[in-house]
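Structure first, then comments.
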Amino acid sequence: MTSQTKTLEKLPLPPGNSGLPFVGETFAFLFDRDFSKKRLERYGKIFKTNVFGSSTAIMVGADANQFLFKNEEQYVRSTWPKSTKILLGPASLAVRSGEFHTSRRKLLFQAFQPRAIASYSPTIERITNDYLARWERQETLTWYPELRNYTFDIAGTLFMGVDNTSQTSLGHLFETWCEGLFSIPISLPWTKFGKALQARKGLLQGIEKIIRQRQQENKLGNDALGILLQARDEAGNQLTLEELKDQVLLLLFAGHETLTSAIASFCLLTAQHPQILERIRAELKANKIASPLTAENLKSLTYLDRVLKEVLRLIPPVGGGFREAIAPFEFNGYRIPQGWQIQYQILQTHKEADLYPDSEQFDPDRFSPENSPEKQKNFGYIPFGGGLRECLGKEFAKLEMRIFAALLVRDYQWELLPEQDLSLVAIPTPHPRDGLKVRFSRC
Ligand code: HEM
C-alpha cells in the first residue's frame, strides 16, 4: 500500500444516506425532481446515496465538473445502467471507452462537422414547415407528443433516410425500445426490458435493410447515414455493418428525447414570457429572416441564441451524467472508493447562486455580452456535458433548435390552454405533465 493510498484511506466518505436495502434511494432519485437540491442543502456539494444498486457520490458545481471531466479515464469512466448498455449494443460509442472511443468519436464526428451540419438545414426546414402547417390545421393540440414525432422524423430522415419515421413500423419499434432503456434488465416476454430487446432486433434488421439497399444501388447518399457509410478512420478502415447499426441506433436515441425536451421548454417558457417572445419576433423582422434558412443567416439572431441558451440552463434536458470510479480518489476532503458510481449534476450547477443570481428566473439577458459571467467558461454552464464525452451532436442540436424557433416565432402564435398541469415530469426528459396543451394559429 503506497503512502498516498494510506492517506486516502483515512479520509471520510461523503455525508449522506444510503436508503433502503437493495433499492437504496433509487425511487426518490428517479421521481423527485428536487432529490439533489434537498440533499445539497443538507449535506453540501458532495454527498453519498445509493441508486441503481450502486453506492453513489453526487458531486455538484463547476469545480466538481472540471475535476470529473479532466480526470476521465484517470479516476473516472463513463457508465450506464445495465439495461441501457445491453440495449444500445456492444459497439455503441456511448458504452465504449479508451482508444476505441476516441477513434470512433473522430469517425462519427464526420457527420457533425460544420459543412455536414449545414447540409442538413433544408431537410430540417422542410420537416419543420410540414409540422407547423399541420399544427395550424389542428388549431388546439397537445404539443409534446407532436414535438416528439417532429424531432424523431428529422432524426429518422437524416440518420436512416426514412421519411415520416414516427408513423412507420420502425417508429413503433423505436418507442418500445426506448421504454426499456432505463428498466430492470430481466428479459421476459412481458417485461419492458424483454420487449425492448425484441424491438432492438427488429430495428437492427430494418436499419440493415436500408444500408444494404443503398450499397446495392451504389447510392450511398449525402445525408448523415451516407456520410457514415463512407467515413474512414485514420487507418483507412470503415465501420462494419454490425457497428454501423449500433451507432445509428445511438444517434436516433441521443438526438431525439433531448431535443424534444429543449424545444418543448422553449415553447413553454416563451408562452409564459410574452415580452421575450416579442423581442425574438422583432429580431427576426429586423434581420429579414427568409427561407431558405442557413447557418449563415441564423447567425445574426443573437437574441434568439441567448434565449435558447437560457432555456438549456433553466431546464437542461439531461440533468446529469454518470461515471464510475476506476481508481480511488479524493475530492474536497472526502474519499471516493474505486467501484463507486458518481453523478455530475447539470441541473444543480445551473442553479448555483454565485454563477446565476436569481437562478429560478427565466432571464436570457444574463447571457448578454455585458452580463455574461466569466465563470461560465469554467464548467459552470454544461447542458452538453464536457471533456472527452461532451455531446457529439451539440452543433446539430443548436441548428435544429434555431431553425425550429425561427420559423415558429416568425409565422405563428400559440397560447397555453387553461386548466392544465404545467409542472415538469423528469422522465425520460423534462416536459410538462399534461403534455403542453396550446391553441395554435398563424400570426
Ligand atoms: C438539446 C439537445 C441535446 C442535449 C442537451 C444533449 C446533452 C448531452 C450530454 C449532457 C451528453 C454527455 C453525457 C455524459 O457526460 O455522460 C451527451 C452525449 C452525447 N450526445 Fe447529446 N445532447 C443533445 C442532442 C444530441 C444530438 C442531436 C445528438 C446526435 C444526433 C447527440 C449525440 C450525443 C452522443 C453520441 C453522445 C455521447 C458522446 C460520447 O459518449 O462520446 N446529442 N449529450
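The model shown is predicted, which means the values in this text are computed figures rather than measured ones. When reading the values below, keep in mind they use all heavy atoms of this one structure, side chains included, and skip hydrogens, waters and symmetry mates. FYI, the numbering just counts along the sequence from 1. In listed order, ligands and their atoms are each counted from 1.
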Query raised in the report: ligand 1 versus F322, non-hydrogen atoms closer than 4.0 Å: side chain, backbone, both, neither?
Result: neither
Query raised in the report: Nearest protein heavy-atom contact for atom 37 (C) of ligand 1: which residue, which atom, what distance?
Result: L93 CD2, 4.5 Å
Report task. Could you go through the salt bridge (Lys or Arg N to Asp or Glu O under 4.0 Å) check for D246 and R96 one step at a time? Result -> CA-CA 12 Å; D246 276 357; R96 300 301 296 256; over 6 Å; no
Report task. Say whether H101 and ligand 1 are in contact under the criterion: heavy-atom distance to a ligand atom below 4.0 Å. Result -> yes
Query raised in the report: With a cut-off of 4.0 Å, which atoms of ligand 1 are near a heavy atom of L259?
Result: 27 (C)
Requested in this report: Return the set of residues passing side chain to side chain contact (heavy atoms under 4.5 Å, CB included) with D411 (not counting sequence neighbours), or none when no residue passes.
Outcome: R442
Requested in this report: Report the nearest protein non-hydrogen atom to atom 7 (C) of ligand 1: residue, atom name, distance rounded to 0.1 Å.
Outcome: P383 O, 3.5 Å
Requested in this report: Could you list the residues that satisfy side chain to side chain contact (heavy atoms under 4.5 Å, CB included) with P122, not counting sequence neighbours?
Outcome: none
Requested in this report: Using only heavy-atom distances, determine whether the side chains of N65 and T349 contain a donor-acceptor pair under 3.5 Å.
Outcome: yes
**Report entry** Interfacing atoms of ligand 1 (cut-off 4.0 Å, heavy-atom, R105)
**Finding:** 38 (C), 39 (C), 41 (O)
Requested in this report: Run the numbers for me: atoms of ligand 1, each under 4.0 Å from some heavy atom of I346, listed by number.
Outcome: 10 (C)
Query raised in the report: Among R389, R323, R104, which residue places a heavy atom closest to atom 16 (O) of ligand 1?
Result: R323
Query raised in the report: Are R39 and F35 in a cation-pi contact, defined as NZ or CZ under 6.0 Å from the six-membered ring centre and within 45° of the axis?
Result: yes
Requested in this report: Heavy-atom contacts with F396 under 4.0 Å: which atoms of ligand 1 show up? List them by number with element.
Outcome: 27 (C)
Query raised in the report: Under 2.8 Å from atom 21 (Fe) of ligand 1, which protein atoms of type N, O or S occur, listed by chain and number?
Result: C391 SG
Requested in this report: Please name all residues satisfying ring-ring contact (aromatic ring centres under 6.0 Å, His included) with Y131, sequence neighbours left out, ordered by chain then number.
Outcome: W135, Y150
**Report entry** Over all atoms of both residues, closest heavy-atom pair of K45 and L40
**Finding:** CA-CD1, 3.7 Å
Query - Option passing side chain to side chain donor-acceptor pair (under 3.5 Å) with T56 (candidates E324, K48, Q341) - result: Q341
Query - Closest approach of any protein heavy atom to atom 30 (C) of ligand 1, naming residue and atom - result: F159 CZ, 3.5 Å
Requested in this report: For residues V425 and P432, report the shortest heavy-atom separation together with the two atoms involved.
Outcome: CG2-C, 4.5 Å
Query - Sub-4.0 Å heavy-atom contact, L108 with ligand 1 - result: no
Report summary line: So NZ of K394 and CD1 of I117: to nearest 0.5 Å the spacing works out to 11.0 Å
Query raised in the report: Who's the nearest protein heavy-atom neighbour of atom 15 (O) of ligand 1, and how far?
Result: Y344 OH, 2.6 Å
Query raised in the report: Can R279 and D365 be said to form a salt bridge (Lys or Arg N to Asp or Glu O under 4.0 Å), step by step?
Result: CA-CA 11 Å; R279 272 180 76 183; D365 280 333; 2.9 Å; yes
Report task. Establish, yes or no, whether a centroid distance under 6.0 Å links the rings of F159 and F396. Result -> yes
